[in-house]
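Let me begin by presenting the structure, written as C-alpha cells, before commenting on it.
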Amino acid sequence: MLERIFGLSGHGTTARTEVFAGFTTFLTMAYIVVVNPTILGEAGLPVAAVAAATCLAAGFGSLLMGFIANYPLALAPGMGLNAYFTYTVVKAMGVPWETALGCVFLSGAAFLVLTLVGVRQMIVAAIPRSLFAAVAAGVGLFIAFIGLRDAGIIVPNPATAVGLGDLTQPTAALSVLGLLLIGALQVWRVKGAMLIGILVTAAAGWALGLAHLTPGGYSLTAISATAFKLDIPGALNLKGGFGATLLEIIFVFLFVDLFDNVGTLVAVTKRAGLVDEAGAIPRLNRILIADSMATMAGALAGTSTVTSYIESASGVAAGGRTGLTSVTVGVLFLVTLLFAPLVQAIPSAATAPALILVGSMMVGALTEVDWADPGVAIPAFLTMVTIPLSYSIANGLAFGITSFAALKLLRGQAQRSDWLLFVLAALFVLRFVYLAKG
C-alpha cells in the first residue's frame, strides 16, 4: 500500500528510512509547539488553546502535504508570521485576534484561488529572488529581536531607544544559559537540539526557583477557546472600523507565506534531488494547494499562517524522499496534541533563546544576495533592515519592492515583462500615501 501511494522504490527509499526521516524532521521543528503559543499568547489568545491548535494545524498540514503532493515537506505555523500577527496586527494596529484569524483564513483562501488560476506563477516570476532572501533575513532579525527583548537581554532605553539589560536578572541569566546550551547542542549536531534546549532550560528554571511550574488544566477541550472563533465578517470589514488596513494585513499574510514557501521548496527539493532537469519543481501546484488548505484549517483551529518548514531539510538529510516522511511528522504532531496544553508551564526565558537562534538561521539566506550589484543590494538591505526596525514585514516588503522597481527604472532596465513588478510598486507607493494621511 505504501509503495502504491508514495512510490518508495521509484525514489530509491524504503518505508523504514522515510519513517526515520519523519522522526528527525519532527524533532528539529517540535519547538514550535512551545514557541508559537508563547508569541500568540501575547496577542491575547489562550496559550493552551494555541498549543493544541498548533499541533492540530501542523499535523493536518503535514498529512496533506504527504498525501496530496508526495513531498518530504513538513508544515506548521510559520515563525515570523506569528510575530507579525501578534506585534503588528493585534498590538500595534489594535485589530482583535478573532479578526486577525479571519484575515489569516482569507489569505489562505486567496492563496488557493491564485494557485488554481495560475496567478501565483506570475507573482513569483515578478518578484526578484534577492528580495525573497532579504525578507527571510529581515524576518529572522525581527524574531531574534523579539527573543532578545523577551529574555531581558535588550531593554528600552530613553536615550538610545534600546540598550543592554541587566544580565544578572533571573530571566536574562536563564535565557543566556539556554542560548549557550542550544548553541552547543546545534554545534554537536544533536537532533532535536532546539526542543531539548527549551526543556532543559525550563527544568533549570523550575529547579532554581527562577520560574514557576504552574500549568493550567490538562484537557484537549482547551482548543475550544480558539477553534472557530475567527471573525471573517470583521476581516472583510463588513463591521467597519479598519478599512484598507485589513486588506494590507491579508496581503502581507499572503505574500510572506508565498515567499516562505518558494524559498523553502527550492532549498529542500534541491537538497533532495527532486527538481527536474530544467530546475522546476514537479507538482508545485499540489504543494501550494496543500499549504493554502493547511493555513485555512489552522485559522479555523486558532493559529496563524501555516507554511512549509526549512527544518524539513533535516529529514531529507536523513534519507526522506517522499510524502511518507511528511505523513510521519503529521502523525507525531497529532500524538503531541495529547500533551500540548502543558506548554503553558514553559517560562519565556526558555523559549526566548529558541527565537534568537531561529532568527540567526533565517539570516543565512543573505548569501543569495549579490551584494556587488547596488541595484540588488540596496533594495535587499532596505527590506532586511526595515522589517525589525519598523516592527512590520509589510514595511519591509514595501521598501524592497518599491526601491527595486525605482532603481530598475532609473537604470533604464525596465522591460514589458516587468509590468507586474511596477504595479506592485505603485500599490506600495499608494500605501505610503495612505499611511501618511492616516
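Each residue takes its place number in the sequence, starting with 1.
Contact check for Val47 versus Thr38: no side-chain heavy atoms found under the 4.5 Å cut-off. Side-chain contact check for Val155 versus Leu164: every heavy-atom pair is 4.5 Å or farther apart. Contact annotation: the side chain of Leu131 approaches that of Ile401 to within less than 4.5 Å [non-hydrogen atoms, C-beta and beyond]. The shortest distance between side-chain heavy atoms of Val104 and Leu230 does not fall below 4.5 Å. At least one side-chain heavy atom of Leu40 sits under 4.5 Å from a side-chain heavy atom of Ser304. Put simply, the side chain of Leu63 reaches to within 4.5 Å of the side chain of Val331, judged on heavy atoms. Proximity of Thr307 to Thr295: side-chain heavy atoms (C-beta onward) are nowhere separated by under 4.5 Å. Using a 4.5 Å heavy-atom threshold, the side chains of Gln186 and Met194 count as touching.
Under a 3.5 Å cut-off, the side chain of Arg321 and the backbone N or O of Val316 do form a donor-acceptor pair. A donor-acceptor pair under 3.5 Å is absent between the side-chain atoms of Ser130 and the main chain of Ala380, judged by distance alone. Within the 3.5 Å criterion, the main-chain N or O of Thr383 finds no donor-acceptor partner in the side chain of Thr386. In this structure a side-chain-to-backbone donor-acceptor pair under 3.5 Å is present from Asn70 to Phe6.
Checked options Leu45, Val252, Thr305, Ile249; the residue passing with Phe85 is Leu45 (criterion: side chain to side chain contact (heavy atoms under 4.5 Å, CB included)). The only option from Leu64, Leu75, Thr54 that meets the side chain to side chain contact (heavy atoms under 4.5 Å, CB included) definition with Val306 turns out to be Leu75.
By the neighbour-count criterion of 12 heavy atoms within 6.0 Å, atom CZ of Phe428 is densely surrounded, having more than that number from other residues, nucleotides or ligands. Counting heavy-atom neighbours within 6.0 Å of Met293 CE, excluding the residue itself, gives a total of 12 or less. More than 12 heavy atoms of other residues, nucleotides or ligands sit less than 6.0 Å from atom CZ of Phe422. Within a 6.0 Å radius of CZ in Arg286, other residues, nucleotides and ligands contribute 12 heavy atoms or fewer.
For the atom pair Leu389 CG and Leu382 CG, the distance stands at 11.0 Å (nearest 0.5 Å). Between atom CD of residue Glu18 and atom CZ of residue Phe20 there is a gap of 12.0 Å, rounded to the nearest 0.5 Å. Rounding to the nearest 0.5 Å places OG1 of Thr201 at 6.0 Å from CG of Leu174. Atom-to-atom distance recorded for Leu334:CG and Leu56:CG is 6.5 Å, nearest 0.5 angstrom. Atom CG of Asp150 and atom OG1 of Thr351 lie 6.5 Å apart (nearest 0.5 Å). Going from atom CE of Met79 over to atom CD1 of Ile143 covers 4.0 Å, rounded to the nearest 0.5 Å.
Annotation for Leu185 and Ala193: closest pair CB-CB, 3.6 Å, computed over non-hydrogen atoms. The two atoms that bring Leu116 and Ile289 nearest to each other are CD2-CD1, 3.8 Å, heavy atoms only. Nearest approach of Ala100 to Val95, heavy atoms of both residues: N-CG1, 3.9 Å. Across all their heavy atoms, Ala202 and Ala350 have their closest contact at N-CB, 3.8 Å. Nearest heavy-atom pair, Ala301 versus Ala53, reported as atom, atom and distance to 0.1 Å: O-CB, 3.6 Å. Between Pro379 and Gly400, the shortest heavy-atom contact is CB-O, 3.6 Å.
The side-chain hydrogen bond (donor to acceptor under 3.5 Å, both in side chains) search around Thr303 returns Asn36, not counting sequence neighbours.
Within the 6.0 Å centre-distance limit, the rings of Phe399 and Phe432 are counted as a close aromatic pair.
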Q | Verdict with reasoning, Ser326 to Val329, per side-chain contact (heavy atoms from CB on, under 4.5 Å) | A | CA-CA 5 Å; Ser326 300; Val329 175; 5.5 Å; no
Q: Run the numbers on Leu114 and Leu254 for side-chain contact (heavy atoms from CB on, under 4.5 Å), then give the verdict.
A: CA-CA 10 Å; Leu114 290 176; Leu254 171 66; 3.7 Å; yes
Q) Run the side-chain contact (heavy atoms from CB on, under 4.5 Å) check on Asn157 and Val162 step by step: do they pass? A) CA-CA 5 Å; Asn157 185 310; Val162 293; 5.6 Å; no
Q. Run the side-chain contact (heavy atoms from CB on, under 4.5 Å) check on Thr325 and Thr17 step by step: do they pass?
A. CA-CA 9 Å; Thr325 295; Thr17 299; over 6 Å; no
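Screening residues 283-334 for ring pair (Phe, Tyr, Trp, His ring centres under 6.0 Å), with sequence neighbours left out, gives Phe26-Phe333. Here side chain to side chain donor-acceptor pair (under 3.5 Å) pairs that include residues 88-101, with residues two or more places apart or in two chains, number zero.
In this pair, Phe142 and Tyr87 present their aromatic rings perpendicular. The plane angle is above 60°, beyond the 30 to 60° band.
Donor-acceptor pairing under 3.5 Å is lacking for the side chains of Thr115 and Asn285.
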